[in-house]
Enquirer: 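Take this structure, written in structure tokens, and hold onto it; I'll ask about it next.
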Amino acid sequence: MVHSWQATKYDEIFLPHQSWGDELIAQLPLSGGETVLDAGAGTGRDALKLAARLPKGRVLAVEASSTMLERLREKVDDSGLPVSVIEANLLQPLPIKTPVDAAISVATFHWLHDHKAVFSNLAEVMKGGAPLLADCGGKGNVERVKSAFRAATGRDPDGGRPWNFAGPEETAGNLAAAGFEVMEVRLVRDTIIFHDQMEHVAFLSTIVLGSQLESFPPEERVEVAATVSEAMGEWVVDYVRLKIRARKA
Ligand SMILES: C[S@@+](CC[C@H](N)C(=O)[O-])C[C@H]1O[C@@H](n2cnc3c(N)ncnc32)[C@H](O)[C@@H]1O
């Protein structure tokens, strides 16, 4: 089952995801008529930005969470931009008939336990030579947040729905096995510093620890995130990003 995101809150708070998405979009060689798949499109930030650059093309926004899908559909309808919303699980073969010219994915793959399956499912719906550009949490990601969560709650941060923070070597192997030519897979440290504790707590409770906090009653979750923030002693999130550049062979 896919974690149920707080889609409205997700759109209201500061997200480093914006710059991760912009970075990928800027690397796509687009002429305006391509079909581009956004894997784990969330509420559609990048799908809409991409669609604005595709007057004769289309974005296929693939998403599985019902709360994200509801907000995504609203935003796509309001925009009038060429985005098709596809409700699908990236761990299963994708219901896409015509192969796409490119695929991107921002902050999604670390939620998926089987990268080999995800890469194969994407490869199946991509044209030969189509680029796959992705960013997700990588090996060593949010270690400080995890230790603070453990210290503050006594619970295992990987106990419920474990993250899949993969390293470059295994990722390159998974991509090659799925039929991709690997151009670059690397880890990049990207520590985010927040202005104040309120912002830090909102970010921890909505984004980083959303799934860990599901085991607490809803009315206690912000409080628990605040104790994690206290235990960290600094208003930071120690991201380590896995950056992927590959091409369907
Ligand atoms: C952190 S959000 C990132 C959303 C968006 N790409 C962004 O950067 O704002 C991760 C997204 O992946 C989606 N997701 C997680 N598991 C999925 C799966 N198995 N199939 C499709 N989408 C999935 C989640 O529902 C969520 O919208």
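Every number for a ligand or one of its atoms is a count from 1 in the order of the listing. Being a predicted model, the structure only gives us computed values, none of them experimental. Positions are given from 1 along the sequence.
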Enquirer: As an exercise, identify every atom of ligand 1 less than 4.0 angstrom from a heavy atom of V106.
Expert: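 Per the distance check, 3 (C), 5 (C), 6 (N), 8 (O).
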Enquirer: Using distance alone, determine whether H17 and ligand 1 share an N or O pair under 3.5 Å.
Expert: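 There is no such contact.
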Enquirer: For H110 and N141, test the side chains for any donor-to-acceptor distance below 3.5 angstrom and give the result as yes or no.
Expert: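 On atom types as modelled, these side chains do not qualify, holding no pair under 3.5 Å.
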Enquirer: Kindly identify the option in V208, I104, L69, T108 whose heavy atom sits closest to atom 11 (C) of ligand 1.
Expert: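 Checking each option, the heavy atom nearest atom 11 (C) of ligand 1 is found in T108.
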Enquirer: Which one holds for A39 and ligand 1: side chain close, backbone close, both close, or neither close, with close meaning a heavy atom under 4.0 Å?
Expert: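 No part of A39 is near ligand 1 at this cut-off.
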Enquirer: Can a non-hydrogen atom of L112 be found less than 4.0 Å from any atom of ligand 1?
Expert: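 Heavy atoms of L112 do come under 4.0 Å of ligand 1.
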Enquirer: Any N/O of W111 closer than 3.5 Å to an N/O of ligand 1?
Expert: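 Checking ligand 1 against W111, no N or O pair falls under 3.5 Å apart.
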Enquirer: Would you check if L69 and V85 make a side-chain contact, meaning some heavy-atom pair closer than 4.5 Å?
Expert: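 L69 vs V85: side chains touch.
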Enquirer: Is a side-chain donor-acceptor pair under 3.5 Å present for S215 with Q212?
Expert: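 Q212 vs S215: no donor-acceptor pair found between side chains.
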Enquirer: Find all atoms of ligand 1 within a distance of less than 4.0 Å from any non-hydrogen atom belonging to M68, and give their numbers and elements.
Expert: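 Going through ligand 1 atom by atom, the ones under 4.0 Å from M68 are 27 (O).
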Enquirer: State the OG-CG distance between S105 and D135, to the nearest 0.5 angstrom.
Expert: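 One gets 8.5 Å once the value is rounded to the nearest 0.5 Å.
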Enquirer: E223: which residues meet the side chain to side chain donor-acceptor pair (under 3.5 Å) condition with it, sequence neighbours left out?
Expert: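 For E223 there are no side chain to side chain donor-acceptor pair (under 3.5 Å) partners, ignoring immediate neighbours.
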Enquirer: For ligand 1, is any non-hydrogen atom under 4.0 Å from S105's backbone (N, CA, C, O), its side chain (CB onward), both, or neither?
Expert: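 For S105, no heavy atom sits under 4.0 Å from ligand 1.
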Enquirer: What pair of heavy atoms forms the shortest contact from G57 to P82, and how long is it?
Expert: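 The answer is O-CB, 3.5 Å.
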Enquirer: F203: what forms a ring pair (Phe, Tyr, Trp, His ring centres under 6.0 Å) with it, not counting sequence neighbours?
Expert: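 Ring pair (Phe, Tyr, Trp, His ring centres under 6.0 Å) list for F203, sorted by chain: F194.
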Enquirer: When you compare ligand 1 with L90, is there at least one nitrogen or oxygen pair between them that comes in under 3.5 angstrom?
Expert: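 Yes, since at least one N or O of L90 sits under 3.5 Å from an N or O of ligand 1.
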Enquirer: For S65, counting its heavy atoms only, list the atoms of ligand 1 lying under 4.0 Å from any of them.
Expert: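 Near S65, meaning under 4.0 Å from one of its heavy atoms, ligand 1 has 25 (O).
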Enquirer: Quick one: which of G40, G21, G42 has a heavy atom closest to atom 6 (N) of ligand 1?
Expert: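 Among G40, G21, G42, the closest heavy atom to atom 6 (N) of ligand 1 belongs to G40.
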Enquirer: Can you find an N or O of L15 that's nearer than 3.5 Å to an N or O of ligand 1?
Expert: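 There is no such contact.
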Enquirer: Heavy atoms only: give me the nearest F180-K248 pair and the separation to one decimal.
Expert: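 Smallest interatomic distance, heavy atoms only, reads CD2-N, 3.6 Å.
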Enquirer: Looking at every non-hydrogen atom in both residues, tell me the closest pair between R241 and Y239 and how far apart they are.
Expert: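 Scanning both residues completely, I find the closest heavy atoms to be NH1-CD2, 3.3 Å.
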Enquirer: Give the atoms of ligand 1, by number and element, whose distance to some non-hydrogen atom of A41 is under 4.0 Å.
Expert: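 Near A41, the atoms of ligand 1 are 5 (C).
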Enquirer: For N89, take its heavy atoms, then give the atoms of ligand 1 lying under 4.0 Å from any of them.
Expert: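 Matching atoms, with element in brackets: 18 (C), 19 (N), 20 (N).
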Enquirer: Could you check whether the rings of F119 and H115 sit parallel, tilted or perpendicular, using 30° and 60° as the cut-offs?
Expert: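 It falls in the tilted class, 30° to 60°.
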Enquirer: Using distance alone, determine whether D38 and ligand 1 share an N or O pair under 3.5 Å.
Expert: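 By distance alone, the answer is no.
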Enquirer: Could you check whether R144 makes a cation-pi contact with F149, meaning its NZ or CZ is under 6.0 Å from the centre of the six-membered ring and within 45° of the ring axis?
Expert: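 The answer is no, since R144 fails at least one limit relative to F149.
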Enquirer: Could you tell me which atoms of ligand 1, counted from 1 in the order shown, lie closer than 4.0 angstrom to a heavy atom of A88?
Expert: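 Here the atoms of ligand 1 in question are 20 (N), 21 (C).
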Enquirer: Mind checking whether I207 contacts ligand 1 via backbone (N, CA, C, O), side chain (CB onward), both or neither, at a 4.0 Å heavy-atom cut-off?
Expert: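 It is neither part, as no heavy atom is under 4.0 Å.
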Enquirer: Taking 4.0 angstrom as the limit and counting only heavy atoms of R45, give me the atoms of ligand 1 inside it, by number and element.
Expert: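 That gives atoms 7 (C), 8 (O), 9 (O) of ligand 1.
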